[in-house]
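Read through the structure below, which is laid out as structure tokens, and then see the notes.
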Amino acid sequence: MPVTVRFAPSPTGFLHIGGARTALFNWLYARHHGGTFRLRIEDTDRARSTQAAVEAILGGLSWLGLDWDGAPVMQSQRIERHAEAARRLLAAGRAYYCYCTPAELAAMRERQRAEGRSIRYEGIWRDRDPREAPPGVEPVIRLKAPQTGETVIRDHVQGEVSVANAQLDDLVILRADGTPTYNLSVVVDDHDMEITHVIRGDDHLTNAFRQTQIYRALDWPVPEFAHVPLIHGPDGTKLSKRHGALGVEAYREMGYLPETLRNYLLRLGWSHGDDEIISTEQAIAWFDIDGVGRAAARFDFAKLDSLNGHYIRSTSDERLVELVAPRIEHLLGRSLDGAARARLQAGMAGLKPRAKTLVQLAQSARFYVAVRPIALDEKAERAIAGAGATLRALAAELVGTQWSAAALESRLRGFAEERGLTLGAVAQPLRAALTGSTVSPPIFEIMTVLGREETIARLEDAAAMAN
RNA sequence: GUCCCCAUCGUCUAGAGGCCUAGGACACCAGCCUUUCACGUUGGUAACACGGGUUCGAAUCCCGUUGGGGACGCCA
């Protein structure tokens with residue numbers, strides 16, 4: 001049977017990093033096995049689902065490069081089909097009406113909590129005659145779950161996991177208003193979509209037991225399960241929207257490349273020996289569930305940064321200019337003309353090994369396209385303080401110098417030597433004058449990118465400021 | 001509280017009984033390279049949670065303890 005997997009987010013917020021990894025694993029599994037990767041939007045919580053969230057999720061997946069097969073299934077459009085399954089179970093005697101009110105159930109849970117017992121529905125209406133139903137109460141439908149024995153799932157990550165059926169209660173499958181609940185909807189949709197492998201977060205492990213019971217009641221085959229450990233925050237607890245989990249678009253804004261995220265997320269919980277830098281092609285070739293570990297992992301920005309630096313370094317100058325130009329335009333509050341972009345392009349080779357993120361790259365590239373007189377930071381001001389005469393002499397010296405990095409370097413070395421200065425003593429004020437900073441790419445490279453006229457003008461600007 | 005899961009350097013992990021004096025990556029420290037900062041490169045600090053078994057032999061198997069996490073909705 002061909003592999004069919006799905007990613008089934010609920011559109012109640014952005015696509016967070018845990019969801020992104022789940023999507024990645026499903027996508028890789030499908031691509032590796034030549035199968036199908038489907039999307040299902042679980043929007044049956046009409047109160048919390050929003051169209052904006054649907055778009056954020058689709059946008060996040062697209063940015064990550066995870067393309068799905070076919071149109072996304074909107075779960076809300078299938079509730080009639082779900083309800084029908086519930087009615088079928090009712091007719092077959094595998095489900096029953098329950099007339100408990102939400103208030104009664106809350107009181108029951110409260111009592112159980114107080115008595116230190118496990119919290120579950122006690123089957124009050126399981127065998128009770130519906131004719132005893134209190135007037136005016138719309139019933140829910142509950143699954144008549146097995147009460148003895150155990151339910152076992154064979155999970156591809158967790159192994160064989162079983163739970164005593166006595167631990168599981170008769171869950172609601174259809175609400176009083178006639179709408180289906182989560183576990184029923186998932187089972188019906190996974191069945192109808194012919195999902196062969198359910199790969200999802202560990203937090204769904206207990207749902208797998210209930211879903212297995214629903215599959216059995218419906219006489220449907222149970223799919224393969226793979227429950228992937230969760231990604232924890234730096235504090236070691238589940239990432240959630242309420243404690244700092246970020247959407248993938250936040251990572252984009254912070255200047256991470258999609259290939260970085262793919263590689264990083266892949267290595268969080270999955271491994272292939274000692275391999276760290278793994279291209280997407282390689283990942284598709286290598287990925288399988290047996291490489292997934294069983295322990296939760298913590299998210300670490302330091303490693304993400306390091307990986308991103310690697311991918312920035314291996315990205316073409318052209319693409320980097322495309323990515324960084326809008327950020328610089330935003331910083332500057334104006335658009336860049338062709339000459340400015342040409343400078344960025346020319347300077348990119350020296351800029352990119354110094355950046356971990358596109359944010360840093362934009363910041364460090366800014367001086368190339370800044371308009372004179374450029375602003376100097378504090379350290380740069382200190383670097384030129386008292387160096388006015390040197391900078392002026394340097395400007396004069398540069399008028400007739402051949403304009404290549406090699407020629408400039410030998411000329412500058414001579415200039416420093418004549419004055420009994422180290423190269424650094426000349427280079428630092430020069431760097432400060434040209435870039436406004438004490439940290440930059442190689443100074444001779446910068447001069448060739450800036451050109452003679454701009455270089456000399458910036459030197460004179462700085463000289464004037466220095467004394 | 002009940003149930004389920006997990007446990008190797010600070011972090012991500014390799015490890016499927018002898019190849020382990022436990023390997024790699026990030027971070028950190030030191031050196032080299034060097035006009036600054038990076039990049040690169042060399043070296044270093046650093047872990048099998050604990051206690052019992054099983055075995056000639058255990059990071060690897062079993063049991064327990066401890067610690068961590070997850071789930072217990074007419075949310076998904």
Side-chain angles (χ1 to χ4, degrees), chain A residues 8-12 42-45 47-49 75 98 100-102 105-106 109 112-121 138-142 155 157-159 161-164 166-169 171-177 179-183 185-186 201-207 209 227 229-230 232 234 236-238 264 267-277 293-307 309-310 313 350-356 364 379 383 409 412-413 416 422-428 430-432 435 437-444:
Chain A
S10 61
T12 54
E42 308 214 317
D43 57 347
T44 51
D45 184 341
R48 294 197 298 149
S49 298
Q75 193 164 62
C98 166
C100 290
T101 63
L105 294 173
R109 281 191 275 267
Q112 290 170 337
R113 217 182 302 275
E115 291 169 13
R117 289 185 297 142
S118 52
I119 294 162
R120 64 178 77 98
Y121 175 69
E138 283 297 328
V140 300
I141 295 179
R142 285 184 184 270
D155 192 275
V157 174
Q158 309 292 342
V161 187
S162 61
V163 70
Q167 293 295 332
L168 272 13
D169 60 5
L171 77 162
V172 173
I173 53 178
L174 202 72
R175 300 188 187 95
D177 66 2
T179 62
T181 60
Y182 173 72
N183 282 302
S185 296
V186 168
D202 219 353
D203 50 342
H204 285 286
L205 192 61
T206 51
N207 285 326
F209 293 110
H227 288 91
L230 300 176
H232 286 166
T237 64
K238 183 184 179 181
Y264 181 74
R267 284 289 289 107
L268 220 47
W270 179 87
S271 63
H272 182 270
D274 284 340
D275 295 299
E276 294 286 349
I277 305 286
R294 291 197 286 180
R298 295 190 191 200
F299 195 90
D300 179 23
F301 271 100
K303 189 154 183 175
L304 215 216
D305 280 353
S306 164
L307 250 193
H310 171 268
R313 269 173 262 135
L351 257 13
K352 68 183 180 186
R354 271 155 256 266
K356 300 288 192 206
S364 68
K379 286 182 181 171
E409 176 165 0
L412 226 81
R413 285 187 187 279
T422 61
L423 182 58
V426 179
Q428 276 309 90
L430 175 57
R431 186 188 315 282
T435 69
S437 163
T438 51
V439 175
S440 80
I443 196 69
F444 307 111

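Per chain, numbering begins at 1; letters A, B, ... match sequence-line order. When reading the values below, keep in mind they use all heavy atoms of this one structure, side chains included, and skip hydrogens, waters and symmetry mates.
Taking only side-chain atoms of A:Ile119, from C-beta outward, the nucleotide of B:C74, B:G73, B:U11 with the closest atom is B:G73. Of the candidates B:G1, B:U2, B:C5, B:U2 carries the atom nearest the A:Gln167 side chain, counting heavy atoms from C-beta on.
Pair check for B:A25 finds B:U11; Watson-Crick or G-U wobble, both atom distances under 3.5 Å. B:C72: Watson-Crick or G-U partner is B:G1, with both key distances under 3.5 Å. B:A16 is unpaired under the Watson-Crick or G-U wobble criterion, no partner having all donor-acceptor distances under 3.5 Å. Nucleotide B:U34 forms a pair with no other nucleotide shown, judged by Watson-Crick or G-U wobble geometry with both contacts under 3.5 Å. Under the Watson-Crick or G-U wobble criterion, with both distances below 3.5 Å, B:A58 is left unpaired in every strand shown. Shown here, B:C39 forms no base pair; nothing in the strands shown gives a Watson-Crick or G-U wobble contact with both key distances under 3.5 Å. Summarising the base pairing, B:G51 is matched to B:C63 through a Watson-Crick or G-U wobble pair whose two defining distances lie under 3.5 Å.
When all heavy atoms are compared, the tightest approach of A:Asp202 to A:Pro229 is OD2-CA, 3.7 Å. Taking both residues in full, the closest heavy atoms of A:Tyr121 and A:Asp169 are given as N-OD2, 2.7 Å, listed atom of the first, atom of the second, then distance.
The backbone N or O of A:Pro11 sits nowhere less than 3.5 Å from a side-chain atom of A:Asp43 that would complete a donor-acceptor pair. No donor-acceptor distance shorter than 3.5 angstrom exists from the side chain of A:Glu42 to the backbone of A:Gln75, with no hydrogens or angles considered. Although no hydrogens or angles enter the test, the distance criterion places no donor-acceptor pair under 3.5 Å between the side chain of A:Arg120 and the main chain of A:Leu171. In this structure, A:Ser271 contributes its side chain and A:Gly273 its backbone to no donor-acceptor pair below 3.5 Å. Here the side chain of A:Arg313 pairs a donor or acceptor atom with the backbone of A:Gly309 at under 3.5 angstrom. Of the possible polar contacts, none joining the A:Glu138 side chain to the A:Asp177 backbone as a donor-acceptor pair under 3.5 Å is found.
A:Val161 comes within contact range of the sugar-phosphate backbone alone, with a heavy-atom separation under 4.0 Å but no base atom that close. A:His204 comes within contact range of at least one nucleobase, with a heavy-atom separation under 4.0 Å. At the heavy-atom level, A:Thr44 lies under 4.0 Å from the strands shown only through sugar-phosphate atoms. At the heavy-atom level, A:Cys98 lies nowhere under 4.0 Å from the strands shown. A:Asn207 comes within 4.0 angstrom of a nucleotide base, judged by non-hydrogen atoms across all strands. Contacts of A:Ala297 with the nucleic acid, taken as non-hydrogen atoms under 4.0 Å apart, involve only primed sugar atoms and P, OP1 or OP2. Using a 4.0 Å heavy-atom criterion, one finds that A:Ser162 contacts the sugar-phosphate atoms exclusively.
When rounded to the nearest whole Å, the span between CD of A:Glu276 and C1' of B:G23 equals 12 Å. One can place NZ of A:Lys303 at 7 Å from C1' of B:U13, the figure rounded to the nearest angstrom. A straight line from CZ of A:Arg120 to P of B:C3 spans 9 Å, rounded to a whole angstrom. Summarising the geometry, the separation between CG on A:Asp169 and P on B:G1 is reported as 20 Å, rounded to the nearest angstrom. Atoms CD1 (A:Ile141) and P (B:C74) sit 14 Å apart, rounded to a whole Å. Separating the CG atom of A:Leu307 from the C1' atom of B:C12 is a distance of 10 Å, rounded to the nearest angstrom. The distance between atom CG of A:Leu230 and atom C1' of B:G70, rounded to the nearest whole Å, is 7 Å. Atom-to-atom, CZ of A:Arg313 to C1' of B:C37 comes out at 14 Å; the value is rounded to the nearest Å.
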Listed pairs, N/O of protein and of nucleotides 30-36 of chain B, under 3.5 Å:
unit_1	atom_1	unit_2	atom_2	d
B:U35	OP1	A:Arg413	NH2	2.7
B:U35	O2	A:Arg431	NH2	2.4
B:U36	O4'	A:Gln428	OE1	3.1
B:U36	O2'	A:Thr438	O	3.2
B:U36	N1	A:Arg431	NH2	3.2
B:U36	O2	A:Ser440	N	2.9
B:U36	O2	A:Ser440	O	3.2
B:U36	N3	A:Arg431	NH1	3.1
B:U36	N3	A:Ser440	O	2.6
B:U36	O4	A:Pro442	N	3.3

Write down the protein N/O and nucleotide N/O pairs, taken from nucleotides 14-20 of chain B, whose separation is under 3.5 Å; answer none if there are no such pairs.
unit_1	atom_1	unit_2	atom_2	d
B:A14	OP1	A:Ser271	OG	2.6

Nucleotide N/O to protein N/O under 3.5 Å, stretch nucleotides 62-66 of chain B:
none

Give me, pair by pair, the N or O atoms of the protein and of nucleotides 7-10 of chain B that are less than 3.5 Å apart, along with how far apart they are.
none

Set out, line by line, the N/O atom pairs under 3.5 Å between protein and nucleotides 43-49 of chain B.
none

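Across B:A59 and B:C19, the matching P atoms stand 9 Å from one another, rounded to whole Å.
Residues passing the side-chain contact (heavy atoms from CB on, under 4.5 Å) test with A:Thr101 are A:Ala103, A:Glu104, A:Val137, sequence neighbours excluded.
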- Task: Apply side chain to side chain donor-acceptor pair (under 3.5 Å) to the pair A:Arg109 and A:Gln112, showing each step before the final yes or no.
- Result: CA-CA 5 Å; A:Arg109 281 191 275 267; A:Gln112 290 170 337; over 6 Å; no
- Do A:Asp45 and A:Arg48 pass the salt bridge (Lys or Arg N to Asp or Glu O under 4.0 Å) test, and can you show the C-alpha distance, the side-chain angles, and the key distance before you say yes or no? CA-CA 6 Å; A:Asp45 184 341; A:Arg48 294 197 298 149; 3.0 Å; yes
- Message: Working note: A:Glu276 + A:His310, criterion side chain to side chain contact (heavy atoms under 4.5 Å, CB included); need CA distance, chi angles, decisive distance, verdict.
- Response: CA-CA 11 Å; A:Glu276 294 286 349; A:His310 171 268; over 6 Å; no
- Using the side chain to side chain contact (heavy atoms under 4.5 Å, CB included) rule, take A:Arg267 and A:Asp275 through it: C-alpha gap first, then chi angles, then the decisive distance, then the call. CA-CA 9 Å; A:Arg267 284 289 289 107; A:Asp275 295 299; over 6 Å; no
- Message: Would A:Phe299 and A:His232 count as a side chain to side chain contact (heavy atoms under 4.5 Å, CB included) here? Give the steps.
- Response: CA-CA 6 Å; A:Phe299 195 90; A:His232 286 166; over 6 Å; no
- Task: Could you check A:Arg294 against A:Val157 for side chain to side chain contact (heavy atoms under 4.5 Å, CB included), going step by step and ending with a plain yes or no?
- Result: CA-CA 7 Å; A:Arg294 291 197 286 180; A:Val157 174; 4.0 Å; yes
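With contacts defined as side-chain heavy-atom distances shorter than 4.5 Å, the pair A:Leu168/A:Val163 qualifies. Residues A:Leu423 and A:Leu412 are in side-chain contact: their nearest non-hydrogen atoms beyond the backbone lie under 4.5 Å apart. Side-chain atoms of A:Ser364 and A:Arg354, non-hydrogen and from C-beta on, never get closer than 4.5 Å to each other. The side-chain heavy atoms of A:Leu268 and A:Asp300, taken from C-beta on, include no pair separated by under 4.5 Å.
Proximity of A:Arg109 to the phosphate of B:G73: a side-chain N or O atom is located under 4.0 Å from OP1 or OP2. In this structure, A:Lys356 reaches the B:C39 phosphate: one of its side-chain N or O atoms is under 4.0 Å from OP1 or OP2.
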